[in-house]
*Asks:* 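Pasting in a structure now, in structure tokens, and then I'll have a few things to ask.
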Amino acid sequence: MREVCVIGGNRYFGKRLIARLMATGDRVTVINRGSSAPPPGTVHLVADRNDERSLESALGSRTFDVVVDQVCYTPRQAAIARRVFAGRTRRYLMTSTVEVYEYEDSPALVREDALDPRTVAVDLDLPWDDPQFLDSNYGEGKRQAEAVLAADPAFPYAAVRVAHVLGGDDDFTGRLAHYAERMRTGEPIAVPAVNHPATYIHVAEIADFLAWAAGADFGGPVNAASHGPLTTEELCAAVAVHMPGGTAVFREVEVGEVSPFSFARAYAMDNSRAERLGFTFGDAREWLHRAVAETLGRETGMEVGRKN
């Protein structure tokens with residue numbers, strides 16, 4: 001029986017990850033602030049991961065085979081985790097994001113070596129506690145968090161750079177609903193003048209990947225994405241199946257806000273490192289319609305628009 005600690009993980013693919021770990025016989029400890037109960041059968045520790053003393057007090061003398069950090073968004077959080085879990089875990093797995101590549105613009109699929117976290121400057125004095133700042137600097141926060149863990153590592157670590165996640169009836173992002181609502185009302189969908197495809201992964205597949213990675217021994221960054229980048233048009237075509245009479249009308253914008261899942265830069269991820277390590281990804285086009293059906297259901301367009 002492995003001792004696994006999951007920081008966060010009470011919703012979406014985090015709860016699916018916990019279910020997979022428990023199904024294989026792992027003893028899972030979940031750390032959160034107590035706002036929601038973790039899945040039954042886990043050990044629940046209440047602590048604010050931003051408060052070093054709170055985290056240390058909650059952990060007591062516990063040690064783990066692996067820690068999976070689902071909610072590390074800033075270099076400050078990574079620095080606290082580095083100090084607190086040094087000597088407490090044999091392996092540390094941080095859930096990162098494709099958004100660390102947001103400054104890339106590559107016609108080829110982007111590999112992990114496009115961003116070496118050891119070269120990323122860390123600024124702990126930025127207003128990371130400001131939700132608005134953090135929201136607008138999501139990719140930068142993840143880059144700097146990776147950099148903290150990569151600098152003279154306190155424990156073996158890996159950073160899973162997760163593609164955009166789709167699927168599940170508990171998708172809380174509202175991104176697919178954005179398309180559904182515009183198709184229902186006829187409002188144009190704003191996209192960049194040059195709109196690039198992106199890489200995606202199904203909610204069940206990323207849970208599978210994280211569970212697999214928790215038991216692996218590789219280190220450093222690794223991309224997690226299904227095969228086959230998808231375009232905004234392909235996503236909208238899948239949504240349109242659930243919108244009787246609805247069609248997607250696109251409006252190109254040179255400057256200004258665009259719709260979710262539309263990208264002015266090309267940074268779709270290369271997943272070959274993970275596959276060389278032993279994980280096999282599916283094809284996004286094979287699960288896309290199932291993912292949209294899970295999220296939007298078989299409701300009418302008006303019901304989808306209200307419910308989401």
*Asks:* Within the distance-only criterion (no hydrogens, no angle test), does the side chain of Arg91 pair as donor or acceptor with the backbone N or O of Phe218 below 3.5 angstrom?
*Replies:*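 Confirmed, Arg91 side chain pairs with Phe218 backbone.
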*Asks:* Please examine the side chains of Met243 and Tyr179, heavy atoms only from C-beta on, and report whether any two atoms are closer than 4.5 Å.
*Replies:*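 The answer is no, as the side chains (C-beta and beyond) never meet within the 4.5 Å cut-off.
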*Asks:* Are any of the side-chain heavy atoms of Val30 and Val43 separated by less than 4.5 Å?
*Replies:*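 A side-chain contact under 4.5 Å is absent here.
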*Asks:* Given side chains that start at C-beta, do those of Glu181 and Arg184 come closer than 4.5 Å, heavy atoms only?
*Replies:*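 Heavy-atom side-chain distance check passes, below 4.5 Å.
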*Asks:* Check this for me, if you would: do Arg161 and Glu99 make a salt bridge, where the nitrogen-to-carboxylate-oxygen distance has to be below 4.0 angstrom?
*Replies:*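 No, Arg161 and Glu99 are not salt-bridged.
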*Asks:* Ring pair (Phe, Tyr, Trp, His ring centres under 6.0 Å) with Phe133: which residues, sequence neighbours excluded?
*Replies:*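 In terms of ring pair (Phe, Tyr, Trp, His ring centres under 6.0 Å), with neighbours along the sequence ignored, Phe133 is linked to Trp128.
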*Asks:* When you measure from the side chain of Arg111 to the backbone of Arg273, do you find a donor-acceptor pair of N or O atoms at a distance under 3.5 Å?
*Replies:*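 Flag not set: sc Arg111 to bb Arg273 has no pair under 3.5 Å.
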*Asks:* Using a strict cut-off of less than 4.0 Å between a Lys/Arg side-chain nitrogen and an Asp/Glu carboxylate oxygen, indicate whether Arg49 and Asp69 qualify as a salt bridge.
*Replies:*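 Yes, Arg49 and Asp69 are salt-bridged.
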*Asks:* Quick one: pull up CG in Asn223 and CG in Leu109 and give me the separation to the nearest 0.5 Å.
*Replies:*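 Separation between the atoms: 9.5 Å.
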*Asks:* Before accepting this row, confirm whether a basic side-chain N of the pair Asp170/Arg11 lies closer than 4.0 Å to the acidic partner's carboxylate O.
*Replies:*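 Looking at Asp170 and Arg11, the cut-off is not met.
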*Asks:* For Ser226 and Glu205, does a side-chain donor sit closer than 3.5 Å to a side-chain acceptor?
*Replies:*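 Yes, a side-chain donor-acceptor pair sits under 3.5 Å.
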*Asks:* If we ignore hydrogens and angles and just use 3.5 Å, is the side chain of Thr295 paired with the main-chain N or O of Val292 as donor and acceptor?
*Replies:*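 No.
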*Asks:* Thr42 versus Val6: any side-chain heavy-atom pair under 4.5 Å?
*Replies:*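 No; the side chains remain at least 4.5 Å from each other.
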*Asks:* From Thr95 OG1 over to Ile7 CD1, what is the distance, rounded to the nearest 0.5 angstrom?
*Replies:*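 With rounding to 0.5 Å, OG1 (Thr95) is 10.0 Å from CD1 (Ile7).
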*Asks:* Give the minimum heavy-atom separation between Ser259 and His178, together with the two atoms involved.
*Replies:*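 Heavy atoms only, the tightest pair is OG-NE2, 2.8 Å.
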*Asks:* Minimum heavy-atom separation for Pro221 to Pro117, with atom names?
*Replies:*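 Taking Pro221 first and Pro117 second, the nearest heavy atoms are CG-CD, 4.4 Å.
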*Asks:* When the ring planes of His164 and Tyr200 are compared, do they come out parallel, tilted or perpendicular, using 30° and 60° as the limits?
*Replies:*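 Rings of His164 and Tyr200: tilted, 30 to 60°.
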*Asks:* Looking only at heavy atoms, what is the nearest atom pair of Pro192 and Glu252, with distance?
*Replies:*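 Nearest heavy atoms, Pro192 then Glu252: O-CG, 4.2 Å.
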*Asks:* Looking only at heavy atoms, what is the nearest atom pair of Pro39 and Ile18, with distance?
*Replies:*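 Distance-wise, the nearest heavy atoms are CG-CG2, 3.9 Å.
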*Asks:* Salt-bridge test for Arg290 and Glu294: reply yes if a basic N is under 4.0 Å from a carboxylate O, no otherwise.
*Replies:*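 Yes, charged N to carboxylate O under 4.0 Å.
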*Asks:* Is any side-chain heavy atom of Gln144 closer than 4.5 Å to a side-chain heavy atom of Val120?
*Replies:*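 Side-chain contact under 4.5 Å: yes.
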*Asks:* Other residues, nucleotides and ligands only: do more than 12 of their heavy atoms fall within 6.0 Å of CZ on Arg2?
*Replies:*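 More than 12 within 6.0 Å, yes.
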*Asks:* For a side-chain contact (heavy atoms from CB on, under 4.5 Å) check, start with the C-alpha distance between Leu235 and Leu288, then their side-chain angles and the critical distance, and finish with the verdict.
*Replies:* CA-CA 8 Å; Leu235 289 174; Leu288 174 60; 3.6 Å; yes
*Asks:* Are Arg33 and Asp48 within salt-bridge range, i.e. N to O under 4.0 Å?
*Replies:*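 Here Arg33 does not pair with Asp48 in a salt bridge, since their nearest N and O are not under 4.0 Å apart.
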*Asks:* Can you tell me how the ring of Phe85 sits relative to the ring of Phe64, calling it parallel under 30°, perpendicular over 60° and tilted otherwise?
*Replies:*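 Judged by the thresholds at 30° and 60°, the geometry between Phe85 and Phe64 is tilted.
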*Asks:* Please determine which of Asp51, Asp123, Asp125, Asp129 meets the salt bridge (charged side-chain N to carboxylate O under 4.0 Å, His left out) test together with Arg76.
*Replies:*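 That would be Asp129.
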*Asks:* If only atom types and distance count, is the side chain of Gln77 paired as donor or acceptor with the main-chain N or O of Thr74 below 3.5 Å?
*Replies:*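 Checking the backbone N and O of Thr74 against the side chain of Gln77, a donor-acceptor pair under 3.5 Å is found.
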*Asks:* Check for me whether the distance between the ring centres of Tyr157 and Phe155 falls short of 6.0 Å.
*Replies:*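 Not close enough - the centres of the two rings lie 6.0 Å or further apart.
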*Asks:* Can you check whether Val162 reaches Val98 side chain to side chain, under 4.5 Å on heavy atoms?
*Replies:*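 Of all side-chain heavy-atom pairs linking Val98 with Val162, none is under 4.5 Å.
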*Asks:* Verify the neighbour count for atom CZ of Arg53: are there more than 12 heavy atoms of other residues, nucleotides or ligands below 6.0 Å?
*Replies:*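 Counting neighbours around CZ of Arg53, 12 or fewer heavy atoms of other residues, nucleotides or ligands fall under 6.0 Å, so no.
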*Asks:* Are any of the side-chain nitrogens in Arg143 or Glu140 under 4.0 Å away from the carboxylate oxygens of its partner?
*Replies:*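 Yes, Arg143 and Glu140 are salt-bridged.
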*Asks:* Does the side-chain contact (heavy atoms from CB on, under 4.5 Å) test come out yes or no for Arg251 and Ile189, once each step is laid out?
*Replies:* CA-CA 6 Å; Arg251 175 174 59 85; Ile189 296 168; over 6 Å; no
*Asks:* Does a sphere of radius 6.0 Å around CZ in Arg27 hold more than 12 heavy atoms from other residues, nucleotides or ligands, not counting ones at 6.0 Å or beyond?
*Replies:*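 Not buried by this count: 12 neighbours or fewer within 6.0 Å.
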*Asks:* Checking Ser262 against Asn195 for the side-chain hydrogen bond (donor to acceptor under 3.5 Å, both in side chains) test, could you report, in this order, the C-alpha distance in whole Å, the side-chain angles of both residues, the deciding distance, and whether it holds?
*Replies:* CA-CA 6 Å; Ser262 54; Asn195 189 20; 4.7 Å; no
*Asks:* Looking only at atom types and distance, does a side-chain atom of Arg175 sit under 3.5 Å from a main-chain N or O of Phe261, one as donor and one as acceptor?
*Replies:*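 No; judged by distance alone, with no hydrogens or angles, the pair does not exist.
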*Asks:* Within the distance-only criterion (no hydrogens, no angle test), does the side chain of Glu146 pair as donor or acceptor with the backbone N or O of Ala159 below 3.5 angstrom?
*Replies:*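 No: the side chain of Glu146 does not pair with the backbone of Ala159.
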*Asks:* Looking at Glu234 and Arg285, does any basic side-chain N land under 4.0 Å from a carboxylate oxygen?
*Replies:*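 Judged by the 4.0 Å cut-off on N to carboxylate O distance, Glu234 and Arg285 do form a salt bridge.
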*Asks:* If you take all heavy atoms of Tyr12 and Leu166, which pair is closest and at what distance?
*Replies:*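 Heavy-atom minimum between the residues: OH-C, 3.6 Å.
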*Asks:* If you define the side chain from C-beta out and look only at heavy atoms, does anything of Tyr103 sit under 4.5 Å from Tyr267?
*Replies:*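 Not touching, per the 4.5 Å side-chain cut-off.
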*Asks:* Could you state the interatomic distance from CD1 (Ile201) to CD1 (Ile206), rounded to the nearest 0.5 Å?
*Replies:*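 Atom-to-atom, Ile201:CD1 and Ile206:CD1 are 4.0 Å apart.
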*Asks:* Using the side-chain hydrogen bond (donor to acceptor under 3.5 Å, both in side chains) rule, take Tyr73 and Asn137 through it: C-alpha gap first, then chi angles, then the decisive distance, then the call.
*Replies:* CA-CA 10 Å; Tyr73 301 115; Asn137 290 275; over 6 Å; no
*Asks:* Grab the two heavy atoms, one from Val68 and one from Ala214, that are nearest each other, plus how far apart they are.
*Replies:*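 Closest approach of Val68 to Ala214, heavy atoms only: CG2-CB, 4.4 Å.
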*Asks:* Stepwise, does the side-chain contact (heavy atoms from CB on, under 4.5 Å) test hold for Thr89 with Thr63?
*Replies:* CA-CA 6 Å; Thr89 186; Thr63 59; over 6 Å; no
*Asks:* Check whether any side-chain heavy atom of Arg62 lies under 4.5 Å from a side-chain heavy atom of Leu45, and answer yes or no.
*Replies:*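 Yes; the side chains approach each other to less than 4.5 Å.
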*Asks:* Does the side-chain contact (heavy atoms from CB on, under 4.5 Å) test come out yes or no for Val110 and Asp270, once each step is laid out?
*Replies:* CA-CA 5 Å; Val110 177; Asp270 181 307; 5.9 Å; no
*Asks:* Donor-acceptor check, side chain of Asn271 to backbone of Ala224, threshold 3.5 angstrom: yes or no?
*Replies:*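 Checked: no pair found.
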